[in-house]
Amino acid sequence: MDNTHSRAGMPGAALPAAYMTAETSSFIDFLRVQAPHLLPGARGLGMEEPVRMRHAADLDQQPPHGTTIVAITFNGGVLIAGDRRATSGNLISHRNMEKVLVTDAYSAVGIAGVAGLALEMVRIYQVELSHYEKIEGVPLSLDGKTNKLAALVRGNLDSAMAGLAALPLFVGFDVDAADPATAGRIVSFDVVGGRYEEQAGFHGVGSGSLFARSALKKLWDPASDKATAIRNAVEALYDAADDDSATGGPDLARKIYPNIVTITAEEGAVHVPEEEAAAVAEAVVADRTSQPRG
């Protein structure tokens, strides 16, 4: 007797049959059929609530926003780094938010925009990549990874048009590249799900990205090693924080430093240890402090 469906929802009940089959290797497609309300941007938000939130006198009602993310390629890999500040209007809502996340063995994502939606998007994306690899037995290609992320961004379009935009910045290492020295990839997205591979060797998103990219124009070198790229990322975030109030610079008093993930063929995607990030940030602050002031 098949009581799978009749007992679903009861404590200790068997899962519905759909959960026990592998009809699709896409977790997002499975979720769209079985529980569409769990997808980012599928909350049924109308226009009135986001507009009210934008114009409310109580700034605590505004959702926290992530700010500045930068990505840099270097000889043999790519890195992504982000400041730690989240803001609600003119208020600092979080000082030590983690906005850079490893998504699989050779990719990572940084988020800007509405923090809650962006983090939810990345968490589902992490499950999507893991689900595909378990079902198919092989990881997605780099193009496949960015296509999946673009679809998630596109699914949040209604919320984005209502003022709740969430944008990721993707970095990955192309294990199929002919030359591992230039296998680092940076891909950006727009709110309608368009994806763009950045050929300049660096990019940034978020409110301070204009200043960060301006710094990287002068600092980036395709032949640089990983240590130099980490230093350049912290320099760029420092410049962004200097001119953008929503971007948090290194906070030596509170011991809050940028989040950094590097991706290389040898190590894959790994977080730079906090001690290393702290040493680089302290060196940048010391150098800036010692410079003559105009």
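Here Glu267 pairs with Lys226 in a salt bridge; the nearest charged N to carboxylate O distance falls below 4.0 Å. The pair Asp239-Arg288 meets the salt-bridge criterion, with a side-chain N (NZ, NE, NH1 or NH2) lying under 4.0 Å from an Asp/Glu carboxylate O. Between Lys145 and Asp104, at least one side-chain nitrogen of the basic residue sits less than 4.0 Å from a carboxylate oxygen of the acidic one, meeting the salt-bridge criterion.
No hydrogens or angles considered: nothing links the side chains of Thr68 and Asp83 as a donor-acceptor pair under 3.5 Å.
Within the 3.5 Å criterion, the main-chain N or O of Arg95 finds no donor-acceptor partner in the side chain of Arg85. At distances below 3.5 Å, at least one donor-acceptor pair connects side-chain atoms of Thr289 with backbone N or O atoms of Val285. Side-chain atoms of Ser107 do not come within 3.5 Å of backbone N or O of Gly172 as any donor-acceptor pair. Side chain of Ser93 to main chain of Ala86: a donor-acceptor pair is present (N/O by atom type, distance under 3.5 Å, no hydrogens or angles). Under a 3.5 Å cut-off, the side chain of His203 and the backbone N or O of Gly201 do not form any donor-acceptor pair. A donor-acceptor pair is defined here as one N or O able to donate and one able to accept, closer than 3.5 Å; such a pair exists between the side chain of Ser141 and the backbone of Gly144. At distances below 3.5 Å, at least one donor-acceptor pair connects side-chain atoms of Asn147 with backbone N or O atoms of Asp143. Within the 3.5 Å criterion, the main-chain N or O of Leu164 finds no donor-acceptor partner in the side chain of Ser159.
At a threshold of 4.5 Å between non-hydrogen side-chain atoms, the residues Val280 and Tyr257 do not count as touching. Side-chain contact check for Val100 versus Ile260: every heavy-atom pair is 4.5 Å or farther apart. Contact annotation: the side chain of Phe170 approaches that of Leu142 to within less than 4.5 Å [non-hydrogen atoms, C-beta and beyond].
Between Trp220 and Phe202, the angle of the ring planes lies from 30° to 60°, which puts this pair in the tilted group.
Of all heavy-atom pairs between Leu79 and Phe74, the closest is N-CE2, 3.9 Å. Taking every heavy atom of both residues into account, Met121 and Ala166 meet most closely at CE-O, 4.0 Å. Between Ala118 and Ile111, the closest heavy-atom pair is CB-CB, 3.6 Å.
One hydrophobic cluster holds both Val102 and Val78 under the rule that ILVMFWY side chains link at heavy-atom gaps under 4.5 Å.
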Verdict with supporting geometry, Asp287 and Ser290, side chain to side chain donor-acceptor pair (under 3.5 Å):
CA-CA 5 Å; Asp287 287 350; Ser290 64; 4.8 Å; no

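Atom CD of Glu274 sits in a sparse spot, with 12 or fewer heavy atoms from other residues, nucleotides or ligands closer than 6.0 Å.
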